[in-house]
Amino acid sequence: MRFRLDLRTGEMIIAIGLAMIGGAMVWGGGRMPAGSLAVPGPGFFPAILGVLLVLASLGVLITALRRSDNRVHVTLGNGDVLAVVLALAIVPPLFETLGAPLLFAVFLTGLLWRLAGLRWWVAVAGGLGGSAVAWGVFSYLLGVQLPAGILAGL
Amino acid sequence: MDAFSHLLHGFAVALTWQNLGFAFLGCLWGTVVGVLPGLGPLAGMTLLLPLTFNLEPATAIIMLAGIFYGAMYGGSTTSILVRIPGEAASVVTCLDGYEMTKRGRAGPALMLAGVGSFVGGTVSILGLMLLAPPMAQAMLTVGPGAECVLMVLALIVIAFVSSGPVVKTLAMILAGLALATVGLDPLTAWPRFTFGSLDLADGVEFVAVAIGLFGVSEILLSLDQKEDLRAQAPKLADLIPRKADLLAAAPSIGRGSIIGFLFGIVPGVSHIVSTFVSYAIEKKLSKRPEEFGHGAIAGVAGPETANNATTGSSMIPLLVLGIPSIPATAILLSALLIHGVTPGPQLLSDHPDIFWGLIASMYIGNFILLALNLPLVGLFVNLLRIPFAYLSPSVLMICLIGVYSVNASGLDLAMMAVFGVIGYGLRKFGYDVAPLLLALVLGDRIETSFRRSLTISDGDYAIFMTGPAAQVLLIAAGSLVLLHFVARAFGYRKGMS
């Protein structure tokens, strides 16, 4: 599964995204005390930066629109990239609840199965082994604070 | 105490078993991440950052610096043997290095790249040692106005020397500065863009953004291009270069050392630009320029020397001014701040152990790398045979551990994932994400020095133009912008492309 996007459209999307961030900065900065030119307040910098970001985005947009050759395409992602993105998306909300050992085991198993094309039981063994090694090295040896989650009582 | 006595003290710090061990570990890991395509110095440093939390500050910085210059060494191996640059600064080495490999001369190419890296690295450390103390002394007299101008100048330089188009780089810098405004206002503690989250009160976590933009996005980009690597490592006996090779490489190594050192001081993508400049100069000065691109030894020795010569000098802005000039030194800055050490002109007087210990460790590290890289080149090349599909899940897991360990925050993990995807998209469309990261580091300090200067001057903006330091910096910034537009007017960029 691959997405193809021409360079001009992609650059326009990024420019619009940046302009929206700039606009949000101006709006957000306006809701904070701006102070004065002599004594700038907390809203001063965000507002100024927002304006500059909108201007820079316009520059990117104009450059993209002036691009004469629209045949250059950029290929975005494939099944593996999507699998990694999905795996990364499920980690943050479950990390503290499920705990690092269990989540890492699932994370590694899923990715080893998908990316390396391993048989399911080899991927499970790799996932469990990798998670155990990581837990041992980082939590026990290096003293990194990782949540044990539902395995905390064991 | 003079520089020599300080250096002796530095060696006393660097030669403890603990520091020596961590310097070796840093060099070894640096070489590994340099060799492996998809992992560069930045990813390598950020991945081991959590390991430094329980270490002494000097030990932490010695190890991280070892990764930085180790990756510079390691990057050349894959460029020469399989035409895949381990990191961006080794792109130029591919041109002639791989051609030499195709002609059965990989050994001399690797050997001279290693020797050049050693010479360049040593020259730049020497320069760092001699230049940093007087510069730090001079910086102590600079007020917040000039400090603010200096940081803005650093960002302007980055915008104009970056590898991408200026307008795109400017947009990245402004996005980085915008990100830096998230969190409590540095002077009034007013919450800005925190959306009521306590996790965001301290601002956007630099490590999460750095690992996302560089580590995760690099993995996503690598998964986009699956390549089967078949690297052949030369035997130890094949490494010995011919006399003619040595004679041809010696002047290139000398020039590369100077070019690399000078470019290392300039903020931006100094180590990348220095390799291109070195290559162009070598080609220009060569009696046989037609050999370049077909296995010219000067085309390998010069850029590789320049690449490594930037490592020492790129530490000057960080250690003397507290300004990271490239993303790798931004990680060093972050590590120092985590340990409660603020880099800047007072680092030399307040933490001489760190400064001189680092310099001494870099001398030692250069020897370690020379000893590691040449005899063990076969071992490192074997790393390339590990399929990336096996490697990437483990690397991603270490990224998650690294980010979580900083603040024990799930939000940071989400931020890493989001910035990973953003970095992937931006890099696909030709954006250089390094300026965003540097602006994120400097943003808070630019705003603080700007507002503090105005408080001191009673709102008088002339404070940014008062004093010789501020005036010199403003003239430099103005000249740079003018030079850019003049160059554009005369079609310089067009000609370059």
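Convention: sequence-line order gives letters A, B, ...; per-chain numbering from 1.
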Novice: Of the backbone (N, CA, C, O) and the side chain (C-beta and beyond), which part of B:M415 lies under 4.5 Å from a heavy atom of chain A, both, or neither?
Specialist: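 Interface part for B:M415: neither.
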
Novice: Are the side chain of A:N78 and the backbone of B:L223 linked by a donor-acceptor contact shorter than 3.5 Å?
Specialist: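 It does hold such a pair.
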
Novice: Relative to chain A, which segment of B:V421 carries a heavy atom at a distance below 4.5 Å: side chain, backbone, both, or neither?
Specialist: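 Just the side chain, heavy atoms under 4.5 Å.
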
Novice: Under the ring pair (Phe, Tyr, Trp, His ring centres under 6.0 Å) rule, what pairs show up with a residue in residues 12-66 of chain A, not counting sequence neighbours?
Specialist: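 Every ring pair (Phe, Tyr, Trp, His ring centres under 6.0 Å) pair that includes a residue of residues 12-66 of chain A, provided the two are not neighbours, is A:F45-B:F450.
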
Novice: Please classify the contact between A:S57 and chain B as side chain, backbone, both or neither, with a heavy-atom cut-off of under 4.5 Å.
Specialist: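 Neither part; nothing is under 4.5 Å.
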
Novice: In terms of heavy-atom pairs under 4.5 Å, which option from B:D185, B:I173, B:D458, B:I422 contacts chain A the most?
Specialist: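 The option with the most such pairs is B:D185.
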
Novice: What salt bridge (Lys or Arg N to Asp or Glu O under 4.0 Å) pairs are there with at least one residue in residues 114-138 of chain A, not counting sequence neighbours?
Specialist: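 Non-adjacent pairs meeting salt bridge (Lys or Arg N to Asp or Glu O under 4.0 Å): A:D80-A:R114.
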
Novice: Where on A:A24 is there a heavy atom nearer than 4.5 Å to chain B: the side chain, the backbone, both, or neither?
Specialist: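 Backbone only.
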
Novice: Nearest 0.5 Å, please: how far is CG in B:L413 from CG in A:L94?
Specialist: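 Spacing of CG (A:L94) from CG (B:L413) equals 11.0 Å.
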
Novice: Given that the side chain runs from C-beta out, which part of A:L118 has a heavy atom under 4.5 Å from chain B: side chain, backbone, both or neither?
Specialist: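 It is the side chain, since no backbone atom gets that close.
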
Novice: Between B:K428 and A:V74, is there a donor-acceptor pair closer than 3.5 Å when you use the side chain of the first and the backbone of the second?
Specialist: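 Not confirmed, B:K428 side chain does not pair with A:V74 backbone.
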
Novice: Heavy-atom distance under 4.5 Å between the side chains of B:L454 and A:P40, does that happen here?
Specialist: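 Sidechains of A:P40 and B:L454: in contact.
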
Novice: Once rounded to the nearest 0.5 Å, what's the spacing between atom CZ of A:R8 and atom CZ of B:F429?
Specialist: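 Answer for the CZ-CZ pair, A:R8 versus B:F429, is 13.5 Å.
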
Novice: Flag the one option from A:G41, A:G126, A:G43, A:S131 with the top tally of heavy-atom pairs under 4.5 Å to chain B.
Specialist: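 The residue among A:G41, A:G126, A:G43, A:S131 with the greatest pair count is A:G41.
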
Novice: Nearest 0.5 Å, what's the CZ-CE distance between B:R192 and A:M25?
Specialist: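 That separation rounds to 8.0 Å.
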
Novice: Quick one, B:L396 and A:L108 - any side-chain contact, counting heavy atoms below 4.5 Å?
Specialist: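 A side-chain contact under 4.5 Å is absent here.
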
Novice: Can you tell me which portion of B:V216 sits under 4.5 Å from chain A's heavy atoms? Options are side chain, backbone, both or neither.
Specialist: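 Side chain of B:V216 only, per the 4.5 Å heavy-atom cut-off to chain A.
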
Novice: Which of the residues B:L221, B:T181, B:I401 is involved in the greatest number of heavy-atom pairs with chain A at under 4.5 angstrom?
Specialist: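 Sorted descending by pairs with chain A, the first entry is B:I401.
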
Novice: Please determine whether the number of non-hydrogen atoms from other residues, nucleotides or ligands lying under 6.0 Å from atom CZ of B:R427 exceeds 12.
Specialist: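 Yes, enclosed.
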
Novice: What part of B:I398 gets closer than 4.5 Å to chain A, counting heavy atoms only: side chain, backbone, both or neither?
Specialist: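 When you check distances to chain A, only side chain atoms of B:I398 fall under 4.5 Å.
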
Novice: If you round to the nearest 0.5 Å, how far is CG of B:L391 from CG of A:L115?
Specialist: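 The CG atom of A:L115 sits 11.0 Å away from the CG atom of B:L391.
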
Novice: With rounding to the nearest 0.5 angstrom, report the CG to CE distance, A:L103 to B:M397.
Specialist: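 Those atoms lie 11.0 Å apart.
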
Novice: So which bits of residues 12-21 of chain A come within less than 4.5 Å of chain B, counting non-hydrogen atoms only?
Specialist: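 Within residues 12-21 of chain A, the residues that come under 4.5 Å of chain B (heavy atoms only) are A:I14, A:L18.
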
Novice: Does the B:Y461 side chain pair with the main chain of A:A38, one donor and one acceptor, at a distance under 3.5 Å?
Specialist: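 Absent.
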
Novice: As an exercise: rank B:G410, B:C399, B:P393, B:G459 by heavy-atom pairs under 4.5 Å with chain A and give me the winner.
Specialist: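 Maximum pair count with chain A is reached by B:P393.
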
Novice: Which one of B:L400, B:L184, B:T188, B:L170 has the most heavy-atom pairs closer than 4.5 Å to chain A?
Specialist: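 When all of B:L400, B:L184, B:T188, B:L170 are compared, B:L400 has the most.
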
Novice: Quick one: side chain to side chain donor-acceptor pair (under 3.5 Å) pairs with a partner in residues 390-408 of chain B, sequence neighbours left out?
Specialist: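 Every side chain to side chain donor-acceptor pair (under 3.5 Å) pair that includes a residue of residues 390-408 of chain B, provided the two are not neighbours, is A:E96-B:Y404, B:E205-B:N407, B:N407-B:D412.
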
